[in-house]
Amino acid sequence: MLDMKFIRENYELVKKAISNKNEKTDLKKILELDKRKRELQFKFDKMRAEQNNVSKQIPGLKKAKKDTTEIVAQMKVISNKIKNVLADLSNLNEELDTKLLGIPNIPYKDVPIGDESNNKFVREWGEKKQFNYNPAGHLDLIEKNKLLDIKRATKISGSGFVGYIGKGARLERALINFMLDFHIKKHAYEEVSLPILVNRQTMTGTGQLPKLEDDMYHVNEDDLFLVPTAEVSVTNFYAKEILPYEKLPQKFISYSPCFRREAGSYGKETKGLQRIHQFNKVEMVRFVKPEISYNILEEMVNDAEDILQALGLHYRVVTLATGDLSFASAKTYDIEVWAPGAEKYLEVSSISNFEDFQARRASIRFRNENGKVEFVHTLNGSGLATPRTFIALIETYQNENGSISIPKVLQPYLSNKKIL
RNA sequence: GGAGAGGUGACCGAGUUGGUUGAAGGUGUGCGCCUGCUAAGCGUAUGUAGGAGAAAUCUUACCGAGGGUUCGAAUCCCUCCCUCUCCGCCA
């Protein structure tokens with residue numbers, strides 16, 4: 001959420017940012033509502049002040065045995081007027097809040113403007129692995145090595161769901177454990193494991209609601225949502241809190257299943273593991289002081305890259321252009337890993353700085369050195385999502401006979417075997 | 001699921017015959033003083049958010065959340081959430 005005062009004072013900037021993000025909001029209307037709200041608030045405050053003042057005198061008058069019937073009658077009239085103003089005010093507030101929640105975050109100043117095609121290449125690591133035969137795609141490898149049983153998963157849950165079996169299940173779990181251990185030991189993250197069913201307020205705090213309600217799985221009975229990423233539970237874990245200065249920065253790592261309805265995205269890229277309704281992910285989340293958040297963003301990209309380097313997978317890093325940025329993000333890097341069978345780069349990590357956008361919504365603050373209360377900056381990034389990492393891994397480490405070699409760092413998690 | 005108790009400021013804890021209580025007292029913390037010494041004492045300050053104002057300052061809201069009664073509610077009523085204890089249920 002943006003600060004209303006900021007919008008008031010930076011109208012053009014905000015307007016531009018919204019259009020750069022391909023979002024639509026009636027900013028004029030918001031300004032108008034804000035103005036009316038403040039006028040009404042002022043009126044209300046004055047009336048209430050009078051009421052408070054007179055009410056305070058009544059006990060004294062009574063003690064002095066004076067007749068209060070007239071003054072009480074007068075106050076009754078005022079009281080009714082106040083009730084009406086208050087009703088208008090709270091309607092106005094609600095309308096304004098709803099509108100404010102619909103305004104996206106403002107892209108950071110160095111974010112390229114434009115749609116996806118303006119995403120900016122930052123760097124790459126390693127190179128595309130060369131094969132002296134035609135490398136198989138992950139679907140063939142999965143079938144040959146019996147790593148997943150997608151048909152049966154579809155039977156029990158429907159299309160877009162997959163089931164890891166046997167060696168495939170072990171490999172996926174090895175990936176998760178390796179990534180968690182790696183971040184904990186090498187990057188000093190603290191592990192947390194939180195609920196994956198969360199309430200409406202939590203979903204609103206990180207910006208998934210109200211905009212993306214259709215993309216979420218929802219349990220009607222209890223009005224709970226399945227998280228699309230651990231970011232939601234971990235970030236909101238500190239909602240409505242004021243963190244002491246010494247507590248910052250905070251860095252958390254959390255494994256969780258992620259649920260996305262992916263409504264309307266049938267067709268392309270839906271085969272196999274590329275786009276599924278439920279997948280596993282290891283997520284990094286940070287709460288930091290505002291002045292260092294962009295340094296931390298770079299650090300987190302490196303943290304995610306370290307995983308791919310340890311796995312020996314070629315990748316590239318890109319900066320997302322404004323039109324490709326998510327609703328809540330101010331700046332996002334994507335990491336795309338090379339899948340030699342599919343012959344393309346697959347997005348395995350998205351690392352974003354939300355500045356104080358989420359902190360405002362969820363009210364996550366801290367006390368700075370001077371004791372003043374400020375909003376923290378929140379950041380998060382995948383480190384990493386397993387399905388596409390899995391694809392790149394088996395495609396990169398396949399052998400001509402169809403078997404799959406195990407990268408060194410994963411071997412301890414797979415009985416020290418070298419071949420899966 | 002049933003019965004009971006309860007949710008107050010950084011923390012502990014008063015306040016339920018409704019009325020200068022944003023909230024006693026204590027702890028903690030900041031500042032000052034005093035004290036010749038690891039400590040103690042004294043004084044003083046110490047919530048968050050919004051609005052008006054150039055500023056000083058004034059003002060409003062907030063005692064789990066939301067409604068209601070009332071001239072006036074932390075205090076009364078209703079709904080919901082959460083915590084604790086006992087019973088039941090499931091393992």
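Order of the sequence lines fixes the chain letters, A, B, ..., with proteins taken first and strands second; residue numbering starts at 1 for each chain. The figures here come from the full heavy-atom set of this structure, side chains too, leaving out hydrogens, waters and symmetry mates.
The minimum heavy-atom distance linking Pro387(A) with Leu273(A) is given by the pair CB-O, 3.5 Å.
Across every strand in view, A61(B) sits in a pair with U48(B) that passes the Watson-Crick or G-U test at under 3.5 angstrom. Look at A56(B): it lacks any Watson-Crick or wobble partner with both distances under 3.5 angstrom.
Side-chain nitrogen and oxygen atoms of Gln51(A) include at least one within less than 4.0 Å of the OP1 or OP2 phosphate oxygen of G72(B). Regarding contacts with the backbone of C71(B), a side-chain N or O of Lys76(A) is found under 4.0 angstrom from either OP1 or OP2. When the side-chain nitrogen and oxygen atoms of Arg200(A) are compared with OP1 and OP2 of A65(B), none of them lie within a distance under 4.0 Å. The shortest distance between the side-chain N/O atoms of Ser79(A) and the OP1/OP2 oxygens of U70(B) is not below 4.0 Å. Taking only side-chain nitrogens and oxygens, Arg365(A) never comes nearer than 4.0 Å to OP1 or OP2 of U48(B). Contact annotation: Arg367(A) side-chain N/O to U48(B) OP1/OP2 distance is under 4.0 Å. Here Asn93(A) does not reach the OP1 or OP2 of G50(B): none of its side-chain N or O atoms lies under 4.0 Å away.
Each of Arg38(A), Lys37(A), Arg36(A) was evaluated against Asp34(A); a single residue qualifies, Arg38(A), per the salt bridge (charged side-chain N to carboxylate O under 4.0 Å, His left out) test.
At a threshold of 4.0 angstrom between heavy atoms, the contacts of Arg36(A) with the nucleic acid are absent.
With salt bridges taken as basic N to acidic carboxylate O contacts below 4.0 Å, one links Glu213(A) and Arg200(A).
Nearest nucleotide to the Lys5(A) side chain, out of G51(B), G19(B), U60(B): G51(B). Ranking U60(B), G19(B), U48(B) by closeness to the Val373(A) side chain, first place goes to U48(B). Side chain of Asn52(A), nearest nucleotide from A61(B), G51(B), C71(B): A61(B). Comparing C71(B), G51(B), G50(B) against the side chain of Phe42(A) picks out G51(B) as the nearest. Of the candidates U69(B), A52(B), U60(B), U69(B) carries the atom nearest the Lys83(A) side chain, counting heavy atoms from C-beta on. When each of G72(B), U60(B), A49(B) is scored by its nearest atom to the side-chain atoms of Arg48(A), the top-ranked nucleotide is U60(B).
Residue Phe366(A) contributes atom CZ, which lies 16 Å from atom C1' of U48(B) at whole-angstrom precision. The separation between Lys35(A) atom NZ and G51(B) atom P is 15 Å, rounded to whole Å. Rounded to whole angstrom, the span from the CD atom of Glu70(A) across to the P atom of C71(B) amounts to 15 Å. If you take CD1 of Ile78(A) and P of C71(B), they are 12 Å apart, rounded to a whole angstrom. Spacing between atom NZ of Lys43(A) and atom P of U60(B) amounts to 18 Å, rounded to whole angstrom units. Separating the CG atom of Leu61(A) from the P atom of G72(B) is a distance of 16 Å, rounded to the nearest angstrom.
With contacts defined as side-chain heavy-atom distances shorter than 4.5 Å, the pair Val232(A)/Ile196(A) does not qualify.
Judged by distance alone with a 3.5 Å cut-off, a donor-acceptor contact links the side chain of Asp45(A) to the base of G50(B).
A cation-pi geometry, defined here as NZ or CZ lying under 6.0 Å from the six-membered ring centre and within 45° of its normal, holds between Arg316(A) and Tyr345(A).
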